[in-house]
Number of protein chains: 2
Amino acid sequence: MDHSESKHFRAAVTVDNVVFGFDGKQLKVLLIYRGAEPFKDRWALPGDFVPLDENLNQSAIHVLRSLTGLENIYMEQVHAFGDVNRHPFGRVYTIAYYALIKVEDYQVQASSWAEEAAWFPINEVPELPFDHVEIMEFAKQQLRNKIRTQPIGFELLPKHFTLTQIQELYEAVLERKFDTRNFRKKLLSMNLISETGYRQTDVSHRPAMLYKYDTKRYNRFLERGFSFDI
Amino acid sequence: MDHSESKHFRAAVTVDNVVFGFDGKQLKVLLIYRGAEPFKDRWALPGDFVPLDENLNQSAIHVLRSLTGLENIYMEQVHAFGDVNRHPFGRVYTIAYYALIKVEDYQVQASSWAEEAAWFPINEVPELPFDHVEIMEFAKQQLRNKIRTQPIGFELLPKHFTLTQIQELYEAVLERKFDTRNFRKKLLSMNLISETGYRQTDVSHRPAMLYKYDTKRYNRFLERGFSFDI
DNA sequence: AAGCATATTGTAAAAACTACAACAATTCGC
DNA sequence: GCGAATTGTTGTAGTTTTTACAATATGCTT
């Protein structure tokens, strides 16, 4: 093991965030319009270098805030990417994170060297630079795995939501249809959500009951470990 | 985004491998006795720096071969660790991988700067340097998750194995007991293993039927995606 | 008031899971 | 050679979960 700095301490590390949002119909991903080289003037995942004096996980949070204004977000590491030629400026590793946000709660706002920030439907993203396509695929797959075994779907929904909305979220993420009766039966049997007592307004049809996510019960389940396989 | 090399290109990246093996009774992990600083003369996960001109995933394979002689191993990335002070020599990220091997198939042999290589029962590992304890915990958890949903257990078993052995493997990894009848029923219903026609020899009791893993069927299942939840 | 749009709910059959114990095959000691 | 010891092998009934399937309810619009 040769620790001479000249030999090894010449790499850079970035974080790239795959931010998922759900607008009630479609699963979307947040991209920024790059105002800096390389790949200036291209849409890309919000990502940036990790400062030498900042912990990796902290940096993921900071990068996301700095480029998009988003704070206090559910985030999780996805994967490390380290092909030799993945970055034109040298040996740059990237650690990918995914984030889930309630679209309604946040006003996304480009800042720093991001010129714009915008939501794209997951199946209509423009060409992406670097290995960002591969990164997105990894993140999507991880979201799929996770949403089947943990109730993270709530991170993507508004505080009050209808059963139809949550079913459409699951259908969007997992790319398949569920039988409404069976889906509701299973979902309600977990006792993770409860009625708010309110109903939808301003809809031109029978208004749906609004539900909320029961944090207490969720935490109790988390402690014991449990499965949310739908 | 500031790309000046002076600012960002000063990090190093290592890979650390958590190599799991199963000896028929216990789940074990492979450690090396470090013959180089830092933490010389301590048992640690086999890991080393990633050369600047080598892809990350390739490097994980090379590092494992270079330190232990192991080749052609099932490996998968676990997680990236990047706390500022995790390495005494500077900003060193590490990407953890786990590997599964059939203990009988390989003769582990320390080389390069590893002075020894030895198997430790998973619950009797010595004190580990760096953040290697955390890394091992992550790897164990990932092994647990994976073995429940994919038939990777076979990577740990000899080519011919008994149903008791595979049950003991699952019990060791998941740290719980299974009912023998129900376990076998479920396992056999997947049609992933078949009888070899041979039986155990040299045992002082009724010899068990030896089974083998059916690669064709496994590949067919993998294509469709499937669950191996036991 | 009729029509439209979406919300809501039950049931029966099939499949999967769980709990549980007796008999089988081999070696060993006598 | 035989009984004891050890581990291997197998079935069933009760319970729970999953699946497939369609009629009615509620509010709005015209």
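The model shown is predicted, which means the values in this text are computed figures rather than measured ones.
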- Could you label the plane-to-plane angle of the Tyr198(B) and His160(B) rings as parallel, tilted or perpendicular, counting under 30° as parallel and over 60° as perpendicular? parallel

- Task: Give, for atom CG of Asp23(A) and atom NZ of Lys28(A), the distance between the pair rounded to the nearest 0.5 Å.
- Result: 4.0 Å

- Task: Could you grab the distance from atom CE of Met136(A) to atom CG of Leu31(A), nearest 0.5 Å is fine?
- Result: 7.0 Å

- Message: Applying a 4.0 Å non-hydrogen cut-off, can you work out what Thr162(B) is touching in the nucleic acid: base, sugar-phosphate, or nothing?
- Response: nothing

- Query: To the nearest 0.5 Å, what is the distance between CZ (Phe81(A)) and CD1 (Ile95(A))?
  - Reply: 9.5 Å

- Item | Distance in Å, Glu115(A) CD paired with Asp41(A) CG, rounded so as to fall on 0.5 Å steps | 6.0 Å

- Task: Taking the side chain as every heavy atom from C-beta outward, state whether Glu76(B) and Tyr97(B) have any atom pair closer than 4.5 Å.
- Result: no

- If you walk 5' to 3' along DNA chain C, what is the first nucleotide with an atom under 4.0 Å of a heavy atom in chain A, and what is the last? dA5(C) to dT11(C)

- Message: I need the residues from residues 194-210 of chain B with at least one non-hydrogen atom less than 4.0 Å from DNA chain C; give them sorted by number, or say none.
- Response: Val203(B), Ser204(B), His205(B), Arg206(B), Pro207(B)

- Strand-adjacent residues in residues 176-187 of chain A, judged by heavy atoms under 4.0 Å from DNA chain D: Asp179(A), Arg181(A), Asn182(A), Lys185(A), Lys186(A)

- Side chains of Asp16(B) and Thr94(B): donor-acceptor distance under 3.5 Å anywhere? yes

- Message: Is it the case that the side chains of Gln141(B) and Glu137(B) hold a donor-acceptor pair, with the cut-off being a distance below 3.5 Å and no angle test?
- Response: no

- Would you say the side chains of Tyr170(B) and Glu168(B) form a donor-acceptor pair under 3.5 Å? no

- Starting at CZ of Phe183(B), measure out to CD1 of Ile166(B) and round the result to the nearest 0.5 Å. 5.5 Å

- In whole Å, what is the span from the CZ atom of Phe161(B) to the P atom of dT7(D)? 21 Å

